[in-house]
Amino acid sequence: MAGYLSKEEVKDIIDFSQALYIAENSGYYTPWMSNQLLKNLNTNPRIPSIDDIKEALSTYKSNEKNLQGYVEFMNNFDMIFKRTLLSYVNMLAFDYQYICTNAYTQSDLMSDAYIEDLKRIETFCDKFKPKEQFRRVTYECMVNDTYFTWFRKTKWRNKGMKFALQVMPQDYCLLTGYWEKGMLFDYDMNYFLQPGVDIDGFDPVFREYYNRVFGDNPQWMNYRPTNPLNKRTGQFAYWVQTSPEDGAWVFKMQNSNFVSTPFLAPYVKDTLRDSEIETLPAYGILAGSLKTYDTLQRGDKPNQFVINPTVVSTFIGKAKNSLGELVKVAAMPTEDNKFFQFSDSNSDMYKDQLTTASGVGSGISRVIYTSDRMSNAEMEAGITDQFNTMAQSLYPQFANFMEFFANKLTKKYKFKFIFEGCTYNFMREKKFDQLVKLASQGMTLDYPAWASAIGMEPQDFLRSIRASKNNGWSENWQLPMNANT
């Protein structure tokens with residue numbers, strides 16, 4: 001019968017309700033809860049108005065979360081904004097090279113100890129995949145400015161150690177200090193009290209944190225921001241100190257301060273104007289005149305309307321409901337009705353607004369949106385400026401990360417990492433030409449520098465060279481003739 005549930009449907013509802021109650025109150029897990037928790041790790045969009053973004057920017061120190069939410073929303077709402085953000089991210093090539101800092105002689109470089117430590121560095125790079133990991137970090141830093149992660153190392157069956165960066169629940173992390181290689185943060189253990197959260201999905205050290213917070217021996221009195229890295233065991237309420245020694249690592253786009261304001265936050269107000277201008281021609285006002293009595297009769301007053309104001313308000317309500325949001329009704333019913341609508345006397349107004357917005361957000365605006373052309377000199381200058389903005393901030397942080405964790409694996413020799421490289425060909429060509437000129441003067445750099453110049457990872461470059469030499473491939477080609485042959 002229509003409008004009634006069958007016995008099977010009622011049973012399904014009861015079974016679902018019971019399962020939901022058990023999941024939320026007894027620690028059971030569901031695919032939907034797991035999916036929602038994953039979505040909440042690093043996404044929290046907020047819809048801005050022009051007044052909201054102006055207010056948040058004027059008080060940016062206390063509106064970090066709002067600004068991060070606005071940037072995230074605009075990144076998925078406005079294509080100009082998204083392409084601008086990606087133009088910054090895609091510019092970095094994440095090329096890298098490593099140089100031993102304490103091998104001084106030929107005997108050092110030929111020793112078994114050096115060869116073994118070099119293999120450890122190569123293995124770490126192979127398994128960690130710096131280019132892949134750090135591109136993800138760069139994207140998150142552009143959206144949120146600050147990105148909280150955890151370096152995970154796991155032994156996987158007989159395949160050896162695996163390395164990865166785990167994204168932390170961003171809303172449960174807080175910057176509280178710094179050291180010579182970056183910043184430090186504390187973690188809110190309330191996260192593990194949420195339904196569906198499995199603590200085994202995090203580094204094993206979090207069980208120690210959990211027992212410290214919820215056990216019988218809280219260490220509130222040990223909370224000091226200046227605790228050394230190997231003694232960051234302080235606790236305040238449900239917050240615990242974390243340490244890079246355990247894997248905690250923070251990346252920050254604007255690392256000159258501790259305010260997590262996204263780099264493109266001011267750009268939100270500019271791109272919001274795009275949609276406002278786009279919809280201007282769609283708005284209209286319907287207006288007319290309300291009739292008054294031409295001649296006064298007994299009991300009438302001067303300028304008295306023919307229609308009762310209560311009736312007018314009723315008609316206005318009905319008219320608004322039928323006409324929708326885009327048409328504003330001044331009064332109804334009226335005489336001499338007229339429809340007023342925005343008239344675009346500049347046929348290029350919307351196009352000009354998009355061009356202006358693109359130029360505000362990026363130095364290579366014509367790559368993002370344009371109706372004209374940009375000279376090569378202008379383009380290269382814009383690319384260089386934008387690249388330096390990104391590289392000077394993030395590349396040193398990536399190098400610090402690699403040096404800290406990779407050198408934990410070596411026995412005797414330590415290595416320095418250098419990150420460099422832009423994805424645009426003219427910058428790669430300049431780098432390669434510099435190496436060739438040095439080599440022509442007898443100063444040939446080690447293979448990681450050449451690998452970096454052509455966009456290969458050093459260990460892959462060396463393997464390719466060795467394979468070419470030993471598999472007979474080099475016998476199939478010869479060097480081109482030049483002035484030196």
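Of the N and O atoms on the side chains of Gln170 and Glu140, not one donor lies less than 3.5 Å from an acceptor on the other residue. Donor-acceptor pairing under 3.5 Å is lacking for the side chains of Ser243 and Asp246. Inspection of the Tyr413 and Asp108 side chains reveals an N or O donor paired with an N or O acceptor under 3.5 Å. Checked by atom type, the side-chain pair Arg212/Gln235 shows no donor-acceptor distance below 3.5 Å. Neither side chain, Thr261 nor Glu64, offers a donor N or O lying under 3.5 Å from an acceptor on the other. For the 3.5 Å distance criterion, the side chains of Gln36 and Asn40 qualify, holding a donor opposite an acceptor.
In this structure, Lys414 places its NZ atom where more than 12 heavy-atom neighbours from other residues, nucleotides or ligands lie under 6.0 Å away. Atom OH of Tyr60 is surrounded by 12 or fewer heavy atoms from other residues, nucleotides or ligands within 6.0 Å. Few gaps surround CG on Asn230; more than 12 heavy atoms of other groups in view lie less than 6.0 Å from it. Atom NZ of Lys416 is surrounded by 12 or fewer heavy atoms from other residues, nucleotides or ligands within 6.0 Å. Other residues, nucleotides and ligands contribute over 12 non-hydrogen atoms within 6.0 Å of the CE atom of Met443.
Taking the six-membered ring where the residue is Trp, the centroids of Tyr209 and Phe192 are separated by 6.0 Å or more. For an aromatic pair to be called close, the ring centres must be under 6.0 Å apart, and Phe405 with Phe151 satisfies this. Between Tyr187 and Phe206, the ring center distance clears the sub-6.0 Å criterion. Between Tyr88 and Phe263, a ring centre-to-centre spacing shorter than 6.0 Å is recorded. The aromatic ring centres of Phe148 and Trp249 sit 6.0 Å or more apart.
Checked by atom type and distance alone, the side chain of Asp78 pairs as donor or acceptor with a backbone atom of Ile80 at under 3.5 Å. Without hydrogens or angle criteria, Ser49 side chain to Asp52 main chain gives a donor-acceptor distance under 3.5 Å. Side chain of Asn471 to backbone of Ala467: a donor-acceptor contact under 3.5 angstrom is found. Side-chain N or O atoms of Thr410 include one that pairs as donor or acceptor with a backbone N or O of Asn407 at under 3.5 Å. A donor-acceptor pair under 3.5 Å is absent between the side-chain atoms of Gln97 and the main chain of Ile418, judged by distance alone. Side-chain atoms of Thr271 come within 3.5 Å of backbone N or O of Tyr267 as a donor-acceptor pair. At least one donor-acceptor pair under 3.5 Å links the side chain of Asp145 to the backbone N or O of Gln254.
Relative orientation of the Phe258 and Tyr178 rings is tilted, given thresholds of 30° and 60° on the angle between their planes.
Residues Gln397 and Phe419 form no side-chain contact, since every pair of their non-hydrogen atoms from C-beta on lies 4.5 Å or further apart. With contacts defined as side-chain heavy-atom distances shorter than 4.5 Å, the pair Thr176/Gln241 does not qualify. Side-chain contact check for Lys82 versus Asn76: some heavy-atom pair is nearer than 4.5 Å. Within the 4.5 Å cutoff, no side-chain heavy atoms of Lys181 are placed close to those of Phe401. Between Tyr96 and Pro448, every side-chain heavy-atom pair lies at or beyond the 4.5 Å cut-off. Proximity of Pro48 to Val268: side-chain heavy atoms (C-beta onward) are separated by under 4.5 Å at one or more points. For the pair Ile454 and Phe432, the minimum side-chain heavy-atom distance is below 4.5 Å. With contacts defined as side-chain heavy-atom distances shorter than 4.5 Å, the pair Glu72/Thr43 qualifies.
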Evaluation steps, ring pair (Phe, Tyr, Trp, His ring centres under 6.0 Å), between Phe134 and Phe128: CA-CA 10 Å; Phe134 290 143; Phe128 180 68; 5.7 Å; yes
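Lys65 is linked by a salt bridge (charged side-chain N to carboxylate O under 4.0 Å, His left out) to Asp171, counting only residues two or more places apart in sequence or in another chain. When the salt bridge (charged side-chain N to carboxylate O under 4.0 Å, His left out) test is applied to Glu122, no partner is found at least two apart in sequence or on another chain.
Residue pairs meeting the salt bridge (Lys or Arg N to Asp or Glu O under 4.0 Å) criterion with at least one member in residues 452-467, sequence neighbours excluded, are Asp126-Arg463, Asp460-Arg463.
Residue Phe404 forms a ring-ring contact (aromatic ring centres under 6.0 Å, His included) with just one option from Trp179, Phe415, Phe398, and that option is Trp179.
The nearest pair of heavy atoms linking Asn227 to Gly234 is ND2-N, 4.1 Å.
Salt bridge annotation for Glu403-Lys408: absent, with no cationic side-chain nitrogen under 4.0 angstrom from a carboxylate oxygen. One finds no salt bridge joining Asp117 and Lys412 here, because no Lys/Arg side-chain nitrogen approaches an Asp/Glu carboxylate oxygen to under 4.0 Å. A salt bridge links Asp200 and Arg207; the closest N-O separation between the charged side-chain nitrogens and carboxylate oxygens is under 4.0 Å. Salt-bridge formation is not detected for the pair Lys431/Asp95: no Lys NZ or Arg NE/NH1/NH2 atom is positioned less than 4.0 Å from an Asp or Glu carboxylate oxygen.
Taken from CH2 in Trp239 to CG in Asp186, the straight-line distance is 7.0 Å, to the nearest 0.5 Å.
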